[in-house]
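Here is how names work: the chains are called A, B, and so on, in the same order as the sequence lines, proteins then strands, and each is numbered from 1. Atom set for the values below is all heavy atoms of this structure, side chains included, hydrogens, waters and symmetry mates excluded.
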Number of protein chains: 2
Amino acid sequence: MPKNCNFIEKLRGVGLRPTKQRINMCEVLFNREKTFHFTINDLVKMISEKMNQKISLATVYNTVHAFEKKGYLKEISIDSHKSYFDTNTSSHHHFFDEDTNELIDCDESDIDKINIRKNIPGKKINSVEVLIRVASDNQNQK
Amino acid sequence: MPKNCNFIEKLRGVGLRPTKQRINMCEVLFNREKTFHFTINDLVKMISEKMNQKISLATVYNTVHAFEKKGYLKEISIDSHKSYFDTNTSSHHHFFDEDTNELIDCDESDIDKINIRKNIPGKKINSVEVLIRVASDNQNQK
DNA sequence: AATCTACATTATAATAATTCTAAACTGTTG
DNA sequence: CAACAGTTTAGAATTATTATAATGTAGATT
Ligand SMILES: [Mn+2]
Ligand SMILES: [Mn+2]
Ligand SMILES: [Zn+2]
Ligand SMILES: [Zn+2]
């Protein structure tokens, strides 16, 4: 199985030119078993390590936003100071570990389907997502 | 029923000095029928109008964060560019209208209780909140 | 293959949001 | 009222993000 070719086609498919930076970014983001969550800073480090050279911060922002617009990434905002991107772009729920600042996907089976009884007139529902904040359980530690 | 006295006591009760700025802020935030959602910018405008004079932006930030820490306010983050505060500090769900950028509370009765089947070892659940993004329904408009 | 052109990358500057600083001010205590 | 600690303030500093404009490159055209 070829490596980059997939990403070249993937990029071409949505009208993005397969540049060196974008292909590297694709490999860092999508060439793995499982989806994951990252911050812009995480990503800059990962790409620089992979490429063994600097990548412009502006390019990382531009490309992340391009990928987001094309549906390759989605943003998950925890609070005004903590924003993550997710390579899992399906609609899904999250645990957020307030001790480690780690974002963890919920499986489909972890939560019952959410039933919304109210609807806003003239509006349709685009997404329904749950955020479950967890933290270390210190009540039985004395 | 007295007006400010309530707020003076409220502030004292959590160890905050009842300064002019804080009392004004309390009146803007809590002296109303219903809870509401606001941004820092909204609030600065509301306070300046009420006080008929400038209030330092740093004071608004400081005081909002003091109130947040004391449990008078909670932050609701929509995405990295849209952060709101809520005078309803109970755990509750929201609709977010992507057309108007308006945040709307869900009533208790609008959503069934959410049942989480998974748990993270050693962690307890602090909150479970749902965000329902809605937008204008243009599919039957032709 | 050389040329062309639109798009992409880059370093850097600009902007926006938030926080810090240090001086002046004010609520509280005695 | 004196004294102190906490608060407000204007403005500076910091951080995150976006804009700019020169340079580089992918892909098409010859
Ligand atoms: Mn905050
Ligand atoms: Mn964004
Ligand atoms: Zn996820
Ligand atoms: Zn609310």
Side-chain angles (χ1 to χ4, degrees), chain A residues 4-5 7-29 38-45 47-48 50-70 72-73 75-85 101, chain B residues 4-28 38-45 47-48 50-70 72-73 75-85 101:
Chain A
N4 304 3
C5 299
F7 295 129
I8 291 175
E9 284 161 28
K10 178 170 177 156
L11 290 166
R12 284 221 176 92
V14 294
L16 293 175
R17 283 189 181 170
T19 62
K20 178 165 44 99
Q21 290 83 353
R22 283 173 178 165
I23 293 166
N24 273 293
M25 209 172 295
C26 280
E27 284 176 358
V28 167
L29 294 174
F38 62 92
T39 65
I40 295 281
N41 275 347
D42 295 337
L43 186 57
V44 169
K45 279 180 208 135
I47 297 166
S48 300
K50 176 176 177 53
M51 293 177 71
N52 256 86
Q53 65 179 289
K54 298 252 161 300
I55 185 172
S56 168
L57 187 55
T59 299
V60 177
Y61 274 102
N62 287 342
T63 307
V64 164
H65 286 140
F67 285 0
E68 185 185 13
K69 188 186 299 181
K70 297 304 185 179
Y72 292 165
L73 292 175
E75 192 180 12
I76 311 288
S77 182
I78 299 298
D79 70 35
S80 59
H81 306 286
K82 300 194 198 75
S83 181
Y84 296 79
F85 287 89
N101 281 353
Chain B
N4 302 2
C5 298
N6 302 327
F7 295 129
I8 291 174
E9 285 162 27
K10 178 170 176 156
L11 289 166
R12 285 221 177 90
V14 293
L16 292 176
R17 284 189 180 169
T19 61
K20 178 164 44 96
Q21 290 82 353
R22 283 175 178 161
I23 293 166
N24 273 292
M25 209 174 293
C26 279
E27 284 175 357
V28 168
F38 63 91
T39 65
I40 296 281
N41 275 348
D42 295 338
L43 186 57
V44 170
K45 280 181 206 133
I47 297 166
S48 300
K50 173 174 180 54
M51 294 177 70
N52 255 83
Q53 64 179 289
K54 296 253 162 300
I55 184 170
S56 167
L57 187 56
T59 299
V60 177
Y61 274 103
N62 287 342
T63 306
V64 164
H65 286 141
F67 285 0
E68 185 186 11
K69 190 186 297 183
K70 297 304 186 179
Y72 292 167
L73 292 176
E75 190 179 11
I76 310 289
S77 183
I78 299 298
D79 70 35
S80 58
H81 305 286
K82 300 193 198 76
S83 181
Y84 296 80
F85 287 89
N101 281 353

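Residues meeting the side-chain hydrogen bond (donor to acceptor under 3.5 Å, both in side chains) test with B:Ser83, sequence neighbours left out: B:Glu75. Every side-chain hydrogen bond (donor to acceptor under 3.5 Å, both in side chains) that B:Thr39 has, sequence neighbours left out, goes to B:Asp42. Remark: B:Ser48 engages no residue in a side-chain hydrogen bond (donor to acceptor under 3.5 Å, both in side chains) (not counting sequence neighbours). Residues forming a salt bridge (charged side-chain N to carboxylate O under 4.0 Å, His left out) with A:Lys82 (at least two apart in sequence, or on another chain): A:Asp79. Residues passing the side chain to side chain contact (heavy atoms under 4.5 Å, CB included) test with B:Lys70 are B:Val14, B:Leu16, sequence neighbours excluded. Residues satisfying the side chain to side chain contact (heavy atoms under 4.5 Å, CB included) test with B:Ser77, not counting sequence neighbours, are A:Ser77.
The interatomic distance linking B:Leu11 (CG) with D:dG6 (C1') rounds to 13 Å, in whole Å. Residue B:His65 contributes atom NE2, which lies 11 Å from atom C1' of C:dA17 at whole-angstrom precision. Regarding A:Phe85, its CZ atom lies at a distance of 12 Å from the C1' atom of D:dA16, rounded to whole Å. We find that CG of B:Asn41 is positioned 14 Å from C1' of C:dT15, with the value rounded to whole Å. Counting to the nearest Å, the P atom of D:dT7 and the CG atom of B:Asn24 are 16 Å from each other. For the pair B:Lys82 NZ and C:dT18 P, the interatomic distance rounds to 14 Å; values are reported in whole Å. Taking atom NZ of B:Lys69 as the reference point, atom P of D:dG6 lies 13 Å away to the nearest angstrom. The distance from atom CD of B:Glu75 to atom P of C:dA17 is 15 Å, rounded to the nearest whole Å.
Distances shorter than 4.0 Å separate some side-chain N or O of B:Thr19 from OP1 or OP2 on D:dT8. Between B:His81 and D:dA16 there is no side-chain polar atom (N or O) within less than 4.0 angstrom of OP1 or OP2. Distances shorter than 4.0 Å separate none of the side-chain N or O atoms of B:Ser80 from OP1 or OP2 on D:dA16. An OP1 or OP2 oxygen of C:dT19 is reached within less than 4.0 angstrom by no side-chain nitrogen or oxygen of B:Tyr61.
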Heteroatom pairs (N/O) under 3.5 angstrom, protein to nucleotides 28-30 of chain C:
from: C:dT28; atom 1: OP1; to: B:Arg12; atom 2: NE; distance (Å): 2.9
from: C:dT28; atom 1: OP1; to: B:Arg12; atom 2: NH2; distance (Å): 2.7
from: C:dT28; atom 1: OP2; to: B:Arg12; atom 2: NH2; distance (Å): 3.0

Collect all protein-nucleotide pairs involving nucleotides 10-14 of chain C in which both atoms are nitrogen or oxygen and the distance is under 3.5 Å.
from: C:dT10; atom 1: OP1; to: A:Gln21; atom 2: NE2; distance (Å): 3.1
from: C:dT10; atom 1: OP2; to: A:Ser56; atom 2: N; distance (Å): 3.2
from: C:dT10; atom 1: OP2; to: A:Thr59; atom 2: OG1; distance (Å): 2.8

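Within the 4.5 Å cutoff, the side chain of A:Tyr72 has no heavy atoms near those of the A:Val64 side chain. With a 4.5 Å cut-off on side-chain heavy atoms, A:Phe38 and A:Leu73 count as touching.
Sorted by first and then second residue, the pairs that involve residues 50-60 of chain B and meet salt bridge (charged side-chain N to carboxylate O under 4.0 Å, His left out), not counting sequence neighbours, are B:Glu27-B:Lys50.
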